[in-house]
Protein chains: 2
Amino acid sequence: MVLPRAAKTQRRTRIQEEKEEQILEAALEVFSSRGFRGSTIDQIAEVAGMSKPNLLYYFRTKEAMHRALIDRVLDTWLDPLREFNAEGNPVAEIRSYIRRKLEMARDFPRESRLFANEVLQGAPHIEDELKGPLKKLVDEKAEVIRAWAKAGKIAKCDPYHLIFAIWSTTQHYADFDVQVRAVLGQENSGDGRFEDAARFLERLFVDGLQVREQPSSNYIDEM
Amino acid sequence: MVLPRAAKTQRRTRIQEEKEEQILEAALEVFSSRGFRGSTIDQIAEVAGMSKPNLLYYFRTKEAMHRALIDRVLDTWLDPLREFNAEGNPVAEIRSYIRRKLEMARDFPRESRLFANEVLQGAPHIEDELKGPLKKLVDEKAEVIRAWAKAGKIAKCDPYHLIFAIWSTTQHYADFDVQVRAVLGQENSGDGRFEDAARFLERLFVDGLQVREQPSSNYIDEM
DNA sequence: TGTAATGTTTACCAACCGGTCAAATTATCA
DNA sequence: TGATAATTTGACCGGTTGGTAAACATTACA
């Protein structure tokens, strides 16, 4: 029998499980740091510690590897947003969303960079996911935020751009890590930078979304 | 004579000027959308409308092209931050910095993506620029912001993370354009999104940096 | 105008890339 | 144990890649 996966035998072997895991781990390492086009199967094979044909025994093409990786990672990547709870206290919800996103940037920077690479290059492989599941989830949560604003629990603001702002500020610490470290200098590049970032961002968003009795500046915006 | 540039004749020809311009424009197009490793000289040659060896007549290697491009673009890219004026009104300065950065994201998205691609992949070609000129400039401006905070003109906050937040939120609209469009849907993907973003971000940062007589929430932070 | 310098292209090369093949090795289980 | 299926690898293939060589074309300028 030469068919690799899901052929005659529907069950997956223990070896299959382990090797596919190993390969996807290596693929994450390589794809996240070089992008799809910039990565080679040989590189992934080397990181995974096996030969190229062996990789291709488990995933028939480079694209298949990439797709499996995206599918596996996308779900967990969206978890923080899913936890966003309409019933909770708005300010507390936003604050803990920021914290969760920042923790993901700290603990799973490769996953963040994987998507960043992909989106940056025009999202050729994940367009459907963006326009489908992602948009749907964001639409839902945006509606929650809009309701909070309408009820006067937070300032009136465009919920989509609020979400974008939280995404960008938090993921920045994963995606632009090299730059952040370079600017902060060696002495401030320890793990403490995530604590500093959390403090700053929570403060920024909480105060920035405070309800104002009257516009705090000469700049007025209403939805 | 076979030497392309800066050899015997110190002056640059008119043709050299034009062709190098043409090539760098094409290189920007290609590098910004596929990253360094993912781009090929042939692609750049095609966009530039000339043959591959002709490109290599003006830039001896792919790396040389990339370097010339980076050098050319980096300066203008940092202009908005340079304009940041210590003498001006703090809130107005921050607001207009946001606006300038957002205008750059709108008008020069390829430049933004060029750097994003580079930094995302570990900044293998611009590490020196990050640790040198960039860090120096940011250190300067951070000092200005710190002085403003000390004088009570804006809220006390970590100036570095403030700058990171402004960078990330504004550049997001260039770097993650595909995602932004996908989430906003076709109807909201017109140029109006930059106006919406500007309104949201100015509001967020201005209110978020307002001086508080007393902490507006149960969360306290002092530098 | 003539000629030397500059600019352009065709043909090519070695290294690399994604992927195949067949043979060899290892695991499974009756 | 032995036979069958699953796994692994070295050798290889056609296409692409960064880059070169040399001939050809064009420009600048005395």
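Just so it is clear: chains get the letters A, B, ... in the order the sequence lines come, proteins before strands, and each one is counted from 1. Just so it is clear, the structure is predicted and the values come from calculations on it, not from any experiment.
- Rounding to whole angstrom units, CZ of residue A:R34 and P of C:dC16 are separated by 13 Å.
- Atom-to-atom, CD1 of A:I41 to C1' of C:dC17 comes out at 8 Å; the value is rounded to the nearest Å.
- Under 4.0 angstrom from either OP1 or OP2 of D:dT7 there lies no side-chain N or O belonging to A:N54.
- In this structure, of D:dA11, C:dT6, C:dG19, it is D:dA11 that holds the atom nearest to the side chain of A:P53.
- Side-chain nitrogen and oxygen atoms of A:K52 include none within less than 4.0 Å of the OP1 or OP2 phosphate oxygen of D:dG10.
- At the phosphate of D:dA6, neither OP1 nor OP2 sits under 4.0 Å from any side-chain N or O atom of A:Y58.
- Note: NZ (A:K19) to C1' (D:dT9) measures 12 Å, nearest angstrom.
- Residue A:Q16 places its side chain closer to D:dT7 than to any other of C:dT8, C:dG19, D:dT7.
- When each of C:dG18, D:dT9, D:dG19 is scored by its nearest atom to the side-chain atoms of A:S51, the top-ranked nucleotide is D:dT9.
- To the nearest 0.5 angstrom, A:D79 atom CG is 9.5 Å from A:R100 atom CZ.
- Going from atom CG of A:L55 over to atom P of C:dC17 covers 14 Å, rounded to whole Å.
- The environment of B:Q186 atom CD is sparse: at most 12 non-hydrogen atoms of other residues, nucleotides or ligands sit within 6.0 angstrom.
- Between the NZ atom of A:K62 and the P atom of D:dT16 there is a distance of 14 Å, rounded to whole Å.
- Distance CG (B:D42) to C1' (D:dT20): 14 Å, rounded to an integer number of Å.
- Between the CG atom in A:D177 and the OG atom in A:S189 there is a gap of 8.0 Å [rounded to 0.5 Å].
- Pairs passing the ring pair (Phe, Tyr, Trp, His ring centres under 6.0 Å) check and including a residue from residues 14-38 of chain B, sequence neighbours excluded, read B:F31-B:F36, B:F31-B:H66, B:F36-B:H66, B:F36-B:H125.
- What separates CD of B:E17 from P of C:dT6 is a distance of 15 Å, to the nearest Å.
- Note on B:Y57: a side-chain N or O is less than 4.0 Å away from OP1 or OP2 of C:dG7.
- For A:F194, the CZ atom sits in a packed shell: over 12 heavy atoms of surrounding residues, nucleotides or ligands are nearer than 6.0 Å.
- Set against C:dT20, C:dT8, D:dT7, the side chain of A:L56 has C:dT20 as its closest nucleotide.
- One interatomic measurement links the two molecules: CZ of B:F59 to P of C:dG7, which rounds to 13 Å at whole-angstrom precision.
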